[in-house]
Amino acid sequence: MRKPSTPDEDEIDAASQTDKPVDLLPKSALPYHPRVSDPLDLLVDLSVGVVLGRSESFHRKYHTGGLGTIGGVAETSDDILTSLMGMPVTLDLMSPHVMFVAGKRGSGKSYTLGIIAEELALAMERREIEVAVVVVDTVDVFRQMVDANDEQVDLLKKWNLEAKGFSVAVYIPRRTYVGLPDEVKKKARLFPLSIGPRELTVSDWSYVLEKGGSLSTTMENLIGETLESVRKGYTLASGEKVPLKRDFSIKDMIQCIESNPAIEELYKPATKTALIQPLKRADRLGVFHPGGTSAQDLAVAGQITVIDVAPLGSDAEAVLAILTNMLCRQVLTYRMAWTDEGTSAREELPPTWLIIDEAHTLVPRGGNTPAKDAIIGYAKLGRRFGCSLVLCTQQPSAVSDDAISQADIIISHSLSHDNDIRALQQRAPAVMPDQFRDKVFISSLPRGVALVFDQCTENKRGFIMQVKPRLSRHGGTDRLSGLFEAVRLLIPEDIEDETEPEVEEEELEVVEEEPIEDLPEVPRPPLKLSKEDWKVLDGWMKDYIKTLFDQEKQEYDIIDESAPRIEEPPLEPMSTSMEWELERVPITELDTDQIRIHKFGPLSALLLGKAMTRQVLYSRASHEFLFTSEKDVRETCLVERDSGDPLELIEDVTSALISAGLTLDELIHEHNFTFVCFRMDDLRVAFTVGTSEEKVSIPVVIIGSNRSKVGKLAGQIRGILPS
Ligand SMILES: Nc1ncnc2c1ncn2[C@@H]1O[C@H](COP(=O)(O)OP(=O)(O)OP(=O)(O)O)[C@@H](O)[C@H]1O
Ligand SMILES: [Mg+2]
């Protein structure tokens, strides 16, 4: 590897010189290649090309691993020796980045996003990286990635490439999904997209119900009270109680507005009607549905997920904003929850690349949207947690500075407005030659050509790149587009969702428990991180960063994490879509014979503790028992022995809990684990038992609203540990 202008470095890395130098792209593939007079000094590895997003030392370590080719250098130089004309341009896909892709209408932005997605898919096929890629599509252009790009075969030939399709999972609004034939859903790998109404805050509702989020204060108060009543339960005028619902539908909200006497007293009928109308309209969109799609459904390791909200038409913007907010928040929370408990993120949520087209509506410079803070937060924090963001916009000047300033790589296609050119100049993370500042120059860049700026010090100045042709199809109408449209026209507006039958009031309880077809309940991340959690997390982050790129260590972790369990078939990943049968046993006295003790293969004590703790926090059974309110606090005590009878240790824990005044609530058997649940008022405790060789581990999770009570009990449990 070397920079062409620094001959000394030739000697430093003599090994790589034995690699065959990469073929330069033919001029026919780069029809536009102006002469740029400023010298071009980029990080070049002669065996792959220009390297973006990596420091030289990082690249020296990983060489070609985890690089994706996105285009070729398309500028010539006065000095033939320093010219990089025709050199392929590669992008680092191994470490997290915040990228910004800009360009006027039709300049090739979405196409470039598609290239990034393709390269991520290819690097995963080569097993160089394992990430989740989520592409948020507003205009129905990424779904077609499943087909080969047969339309640009000649162009692909010039680049010595062959067209091919990629297997992507496509989430479409639930309403459209429900109306499609099963055959089509299966073939096109379609999945239903929905948002649980419980995810929305009052201001989110305001945004959904009124364009621009400008509901009156009275209306906002009414929504606030409705949400509160539905969540806590309320009493009808007849004295009958409507039970609390943790997960609810828009219909539940409407029913509450219509029948809750507390609301009747405070609000005029006209106000209620004025809220019910837009709520019904939102319901008819068919995306707000109990359960809701979660980040874990969408961000799946090794998978490209396209979220296609185009079928929602003009309502897509509000839904998209809410969805993006959820995605950004949940991805970050999950990634942080990893460090919280010190367990590997691999099973909870992989490093995620979030690719958002048409982002200016979501993170505007002025004004607010439900997604704005979440995207900015993700852009600022995401890289620390292994997450990448690619934002795309027609109008860089209309995007919040807080978001653009996070970008380490900017790819700008042609721009024609002064404001946009200025925004690019101000934010470009590398030197911009004067030539590029010229409005005529930047507005006449042909489609598919872009200026590239990389923050890495090795890549000194911005340069001109021809984006390479797509292997898979980009946009265009296909049979599915026609079907989406047909569904929109065919399904009458007030159709009832097939999985949401009208229910009588007395059936309400039953409906709440009813599993929601094809949208499995996914455990939410545990409670917010406390100060102590952050301390632990920071420690973990340090280690994480140190070992992140250390392949050996990563491999070791993977093997270690999924160590074989002795008694059962090979371990499948703890996928949240996999639902084990739950068996609940209400009980007052503990018979230790009833407890399933999970036997792991040989594990270190540390890993056994981590794996067991994760079981209690994330298994559906214990999660539902423990996590009922956002406000609660949590303590985890790990009761461990290097050797000994697990039953004795269970008895120690149990008697500590009983002598602290707690009573046994139930045993829940899930898969090969038993969760033992204790309770006293709102104090809830759950534990499970696992062994590895001689080692015994019992993680005890304590939850409650009163910090001192939780802390006191934790102290008592810890008291049984040998000092
Ligand atoms: N690098 C490229 N190589 C070949 N063709 C390209 C390239 N980039 C774009 N195109 C062609 O230009 C068309 C428009 O590109 P694209 O959809 O990416 O534009 P856009 O900038 O996203 O426009 P809009 O603002 O309307 O969303 C594509 O359908 C494709 O045919
Ligand atoms: Mg586009």
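Counting starts at 1 for both ligands and their atoms, in listed order. Since the structure is predicted, the reported quantities are computational estimates derived from the model, not experimental observations. Heads up: numbering here begins at 1 and tracks the sequence.
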Quiz item: Counting only heavy atoms not in H417, do more than 12 sit closer than 6.0 Å to its NE2 atom?
Solution: no
Self-check item: K439 and D418 ion-paired at < 4.0 Å
Solution: yes
Quiz prompt | Protein heavy atom at shortest distance from atom 19 (O) of ligand 1 | solution = G108 N, 3.3 Å
Quiz prompt | Part of R447 within contact of ligand 1 (heavy atoms, under 4.0 Å) | solution = side chain
Quiz item: Which heavy atom of L391 sits nearest a heavy atom of A359, and at what distance?
Solution: CD2-CB, 3.8 Å
Quiz prompt | atom 2 (C) of ligand 1: the protein heavy-atom neighbour that sits closest, reported with distance to 0.1 Å | solution = Y111 CE2, 3.2 Å
Self-check item: Salt bridge present between D401 and R365 (N-O < 4.0 angstrom)
Solution: yes
Practice problem: Quick one: look up the protein heavy atom nearest atom 22 (O) of ligand 1 and list residue, atom name and how far away it is. | Solution: S110 OG, 2.7 Å
Self-check item: Sub-4.0 Å heavy-atom approach of G475 to ligand 1
Solution: no
Self-check item: salt_bridge(E119, K468) N-O dist < 4.0 Å
Solution: yes
Quiz item: Going by the order shown, which atoms of ligand 1 are within less than 4.0 Å of some heavy atom of V467?
Solution: 1 (N)
Quiz item: Does any donor atom in the side chain of Q303 or T305 lie under 3.5 Å from an acceptor atom in the other side chain?
Solution: yes
Practice problem: Select the closest option to atom 31 (O) of ligand 1 among H413, M465, Q152, R473, judged by heavy-atom distance. | Solution: Q152
Quiz item: Any side-chain heavy-atom pair from V449 and H413 closer than 4.5 angstrom?
Solution: no
Quiz item: Just which atoms of ligand 1 are under 4.0 Å from any heavy atom in Q394?
Solution: 25 (O)
Quiz item: Quick one: nearest non-hydrogen protein atom to atom 25 (O) of ligand 1, plus distance?
Solution: K109 NZ, 2.7 Å
Self-check item: K104 and ligand 1 - part of the residue with a heavy-atom distance under 4.0 Å
Solution: backbone
Self-check item: R105, any N or O under 3.5 Å of ligand 1 N or O
Solution: yes
Quiz prompt | Ligand-side contact atoms (ligand 1) for residue partner E358, heavy atom cut-off under 4.0 Å | solution = 27 (O)
Self-check item: Mutual orientation of the aromatic rings belonging to F191 and Y171 [parallel < 30°, tilted 30-60°, perpendicular > 60°]
Solution: parallel
Quiz item: Which heavy atom of the protein is the closest neighbour of atom 17 (O) of ligand 1, given with residue, atom name and distance?
Solution: H474 NE2, 2.9 Å
Quiz prompt | Spacing of CZ belonging to R54 relative to CG belonging to L67, to within rounding of 0.5 Å | solution = 4.0 Å
Quiz item: Is the distance from the Mg ion (ligand 2) to some N, O or S atom of S110 under 2.8 Å?
Solution: yes
Exercise. Say whether G106, considering both its backbone and side-chain N or O atoms, lies within less than 3.5 Å of an N or O atom on ligand 1.
Key: yes
Practice problem: State, yes or no, whether a side-chain contact exists between V73 and V89 at a heavy-atom distance under 4.5 Å. | Solution: yes
Self-check item: Within reach of ligand 1, part of V141 (heavy-atom separation under 4.0 Å)
Solution: neither
